[in-house]
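Comments concern the structure below.
Convention: sequence-line order gives letters A, B, ...; per-chain numbering from 1.
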2 protein chains.
Amino acid sequence: MILKNKDMVRASEKLRFAVLAVDVVYFRIIDNKLSLLLGKVTTAPDFIGKWALIGGLIAPDETADDAVKRHLKVKAGIEVPYTEQLYTFSAINRDRRGRVISVAYVALANSNLQNKQKAETETKWCPIAGIPSLAYDHDEIVRVAIDRLRSKFTYTTMAQFLLPEEFTLSELQKTYEIVMGKEMDKRNFRKKILSLGIIAITKKVKIGKANRPAALYRFKKRSPLFIDIL
Amino acid sequence: MILKNKDMVRASEKLRFAVLAVDVVYFRIIDNKLSLLLGKVTTAPDFIGKWALIGGLIAPDETADDAVKRHLKVKAGIEVPYTEQLYTFSAINRDRRGRVISVAYVALANSNLQNKQKAETETKWCPIAGIPSLAYDHDEIVRVAIDRLRSKFTYTTMAQFLLPEEFTLSELQKTYEIVMGKEMDKRNFRKKILSLGIIAITKKVKIGKANRPAALYRFKKRSPLFIDIL
DNA sequence: GCAAAAGTGTTGCTTTTACACCCATGG
DNA sequence: CCATGGGTGTAAAAGCAACACTTTTGC
């Protein structure tokens with residue numbers, strides 16, 4: 001690494017003042033409620049025993065995206081769900097131990113996804129209606145994350161990441177209702193979604209319950225698509 | 001500053017590896033073209049003589065927002081226009097001098113706004129149609145910024161920050177046309193904007209040109225409002 | 001009086017909303 | 001056979017898109 005430059009030499013002395021972290025607002029639908037993952041604070045001088053978002057430091061050889069994936073694996077025992085960057089929080093006193101700048105992320109996974117390994121951190125899934133007061137500035141991060149999730153639900157296909165690969169139209173509708181926090185009309189919802197051409201019917205049906213079997217659909221594209229949905 | 005914690009002690013040795021910077025995509029409408037401010041690279045070992053976004057390092061006692069305001073003042077000679085955080089870029093080799101993590105911002109100002117002081121940097125306003133290849137990852141930052149600007153124009157009142165406080169409906173429409181890159185129908189545009197109730201007519205008119213005087217309007221709220229506009 | 005931009009309504013089309021009944025299955 | 005959720009159409013209302021002429025001013 002070359003450090004010829006005056007600014008960078010100064011930087012190496014004085015301007016590397018901050019530690020970089022990621023904080024992840026990791027959403028899943030649990031028991032028909034939009035929930036997010038909290039971890040217990042065990043290491044800080046402040047906030048011990050309080051709940052906080054999961055996250056951790058960014059390492060010198062990784063990007064913020066990489067750091068999110070790594071910390072999700074270690075602290076939630078989960079392999080790379082959908083993640084997207086939310087906002088960077090840089091208030092000077094957000095962590096009393098020193099200057100920590102946090103790049104916040106939203107992560108999504110479907111309800112069935114099993115944790116592949118044991119998490120190293122004490123965690124719990126908490127419905128968004130009952131989130132306790134969190135450590136650091138995590139209350140604010142959660143607020144921004146929920147706003148963003150609801151907003152993007154209306155113009156992207158990111159709902160797919162809260163669902164298994166194949167799902168019924170009722171499950172898709174339920175996902176929207178849970179995230180947006182309001183009920184929708186079944187016929188209008190189906191008409192709208194089908195007219196968008198973003199999902200394809202499979203030849204399978206979902207059976208096993210005491211009712212008519214439901215057709216299974218899948219999203220045509222795995223990546224989130226920008227399109228007016230609701 | 002208290003550093004009792006194991007992580008933070010390690011941090012002070014190894015984890016303060018990065019320098020934090022801000023890069024600003026500063027938009028104005030110049031000669032009826034959406035333009036952004038570029039500065040010439042003078043200090044880096046790479047990219048000397050290339051154009052880049054304006055920006056600079058974040059200082060230990062300021063937030064990212066503060067840093068943006070400071071650098072805009074010094075490098076563009078301008079006092080606090082509208083700014084909003086865009087995205088944080090953390091690729092490992094985005095700056096060859098060392099690890100630099102950049103929090104990118106969008107800034108907006110109206111065409112009339114005069115620079116209050118001399119800029120310390122050689123800068124130019126460049127129409128977005130003719131942007132040269134930029135230093136670092138600034139091409140990508142600009143792409144993301146233009147996407148964001150266009151997208152938010154359709155559902156917020158941020159257009160107000162590209163206009164003077166009082167403006168005619170034609171000027172507002174022109175602003176939309178320039179940013180969105182397409183023409184709009186005058187009657188439909190006026191009907192829509194007026195029906196939203198976000199602007200109020202003043203008692204003044206804009207005179208001096210060889211045509212009928214135009215009524216001047218102003219936005220009712222100074223802060224960006226979320227509302228379906230187009 | 002003419003050039004230039006301001007200002008103004010109507011119609012057809014598309015989209016959205018509201019709403020109720022029959023169907024296929026498991027138990 | 002009954003309880004459960006799956007699946008379907010229509011009509012009224014609202015919103016959107018297309019379109020042309022008159023008004024007021026400066027020169």
Side-chain angles (χ1 to χ4, degrees), chain A residues 29 31-32 111-112 150 153-155 157 159 163-164 166-178 180-218 226-230, chain B residues 29 31-32 111-112 150-151 153-155 159 163-164 166-178 180-218 226-230:
Chain A
I29 290 174
D31 290 338
N32 281 332
S111 313
N112 305 324
R150 288 192 173 139
F153 248 59
T154 67
Y155 66 90
T157 58
L163 285 162
E166 298 187 336
F167 52 86
T168 69
L169 286 177
S170 294
E171 287 165 349
L172 179 59
Q173 181 177 345
K174 193 90 202 176
T175 301
Y176 268 91
E177 290 178 340
I178 290 167
M180 303 308 289
K182 65 167 186 226
E183 304 213 328
M184 294 168 195
D185 179 86
K186 182 162 61 159
R187 279 173 291 191
N188 294 339
F189 182 85
R190 287 166 183 242
K191 230 181 307 173
K192 187 70 206 274
I193 293 290
L194 292 174
S195 76
L196 292 171
I198 55 180
I199 63 173
I201 196 164
T202 68
K203 280 160 193 154
K204 298 178 225 167
V205 291
K206 182 160 191 169
I207 53 167
K209 288 206 246 73
N211 55 25
R212 178 169 169 179
L216 286 164
Y217 290 79
R218 56 177 180 73
F226 285 65
I227 187 170
D228 256 25
I229 294 189
L230 295 185
Chain B
I29 291 174
D31 289 339
N32 281 331
S111 314
N112 305 325
R150 288 192 172 139
S151 154
F153 249 59
T154 67
Y155 66 90
L163 285 162
E166 299 188 334
F167 52 87
T168 69
L169 285 178
S170 295
E171 286 165 350
L172 179 58
Q173 181 177 345
K174 193 87 200 180
T175 300
Y176 268 91
E177 290 179 340
I178 289 167
M180 304 308 287
K182 65 169 186 223
E183 304 214 326
M184 293 168 195
D185 179 86
K186 183 162 60 159
R187 278 173 291 192
N188 293 339
F189 182 85
R190 284 165 184 243
K191 230 180 305 171
K192 188 68 206 274
I193 293 291
L194 291 173
S195 76
L196 292 171
I198 54 179
I199 62 173
I201 196 165
T202 68
K203 280 160 195 155
K204 297 178 227 167
V205 290
K206 183 161 191 166
I207 52 165
K209 288 206 244 76
N211 55 27
R212 177 169 171 177
L216 285 165
Y217 290 78
R218 57 176 179 72
F226 284 66
I227 187 171
D228 257 24
I229 294 186
L230 295 185

In Å, rounded to the nearest 0.5 Å, how long is the span from [atom1] of [X] to [atom2] of [Y]?
X: Leu216(A); Y: Leu169(A); atom1: CG; atom2: CG; value: 9.5 Å
X: Ile29(B); Y: Leu163(B); atom1: CD1; atom2: CG; value: 7.0 Å
X: Lys191(B); Y: Lys186(B); atom1: NZ; atom2: NZ; value: 13.0 Å
X: Ile199(A); Y: Leu194(A); atom1: CD1; atom2: CG; value: 5.0 Å

Once you round it to whole Å, what is the distance between [atom2] of [N] and [atom1] of [X]?
X: Gln173(A); N: dG7(D); atom1: CD; atom2: P; result: 12 Å
X: Asn188(A); N: dA20(C); atom1: CG; atom2: P; result: 13 Å
X: Lys186(B); N: dA20(D); atom1: NZ; atom2: P; result: 13 Å
X: Asp185(A); N: dG6(D); atom1: CG; atom2: P; result: 14 Å
X: Leu194(A); N: dG9(D); atom1: CG; atom2: P; result: 12 Å
X: Ile193(B); N: dG7(C); atom1: CD1; atom2: P; result: 14 Å
X: Phe189(A); N: dG7(D); atom1: CZ; atom2: P; result: 13 Å
X: Glu183(B); N: dA17(D); atom1: CD; atom2: C1'; result: 16 Å

>> Return whichever of Ala214(B) or Leu230(A) has its heavy-atom-nearest nucleotide of DNA chain C closer to the 5' end.
In response: Ala214(B)
> Taking C-beta and beyond as the side chain, do Ser170(A) and Arg190(A) meet within less than 4.5 Å on heavy atoms?
Replying inline: yes
>> On the nucleotide dA6(C), are OP1 or OP2 found under 4.0 Å from the side-chain N or O atoms that Ser170(B) carries?
In response: yes
> Do side-chain atoms of Thr154(A) reach the backbone of Leu230(A) as a donor and acceptor pair under 3.5 angstrom?
Replying inline: no
> With distance as the sole test, does Gln173(B) use its side chain to make a donor-acceptor pair with the main-chain N or O of Met184(B) at under 3.5 Å?
Replying inline: yes
>> Evaluate Tyr176(B) against Ile229(B) for side-chain contact (heavy atoms from CB on, under 4.5 Å), listing each step before the verdict.
In response: CA-CA 10 Å; Tyr176(B) 268 91; Ile229(B) 294 186; 3.4 Å; yes
Between the protein and nucleotides 2-4 of chain D, are there any N/O to N/O pairs under 3.5 Å, and if so, what are the atom names and distances?
{"residue": "dT4(D)", "atom": "O2", "partner": "Ala210(A)", "partner atom": "O", "Å": "2.7"}

>> Other residues, nucleotides and ligands only: do more than 12 of their heavy atoms fall within 6.0 Å of NZ on Lys192(A)?
In response: yes
> Between the side-chain atoms of Arg187(B) and the base atoms of dA20(D), is any donor-acceptor pair under 3.5 Å?
Replying inline: yes
Any N/O pairs under 3.5 Å between the protein and nucleotides 11-15 of chain C? List them or say none.
none

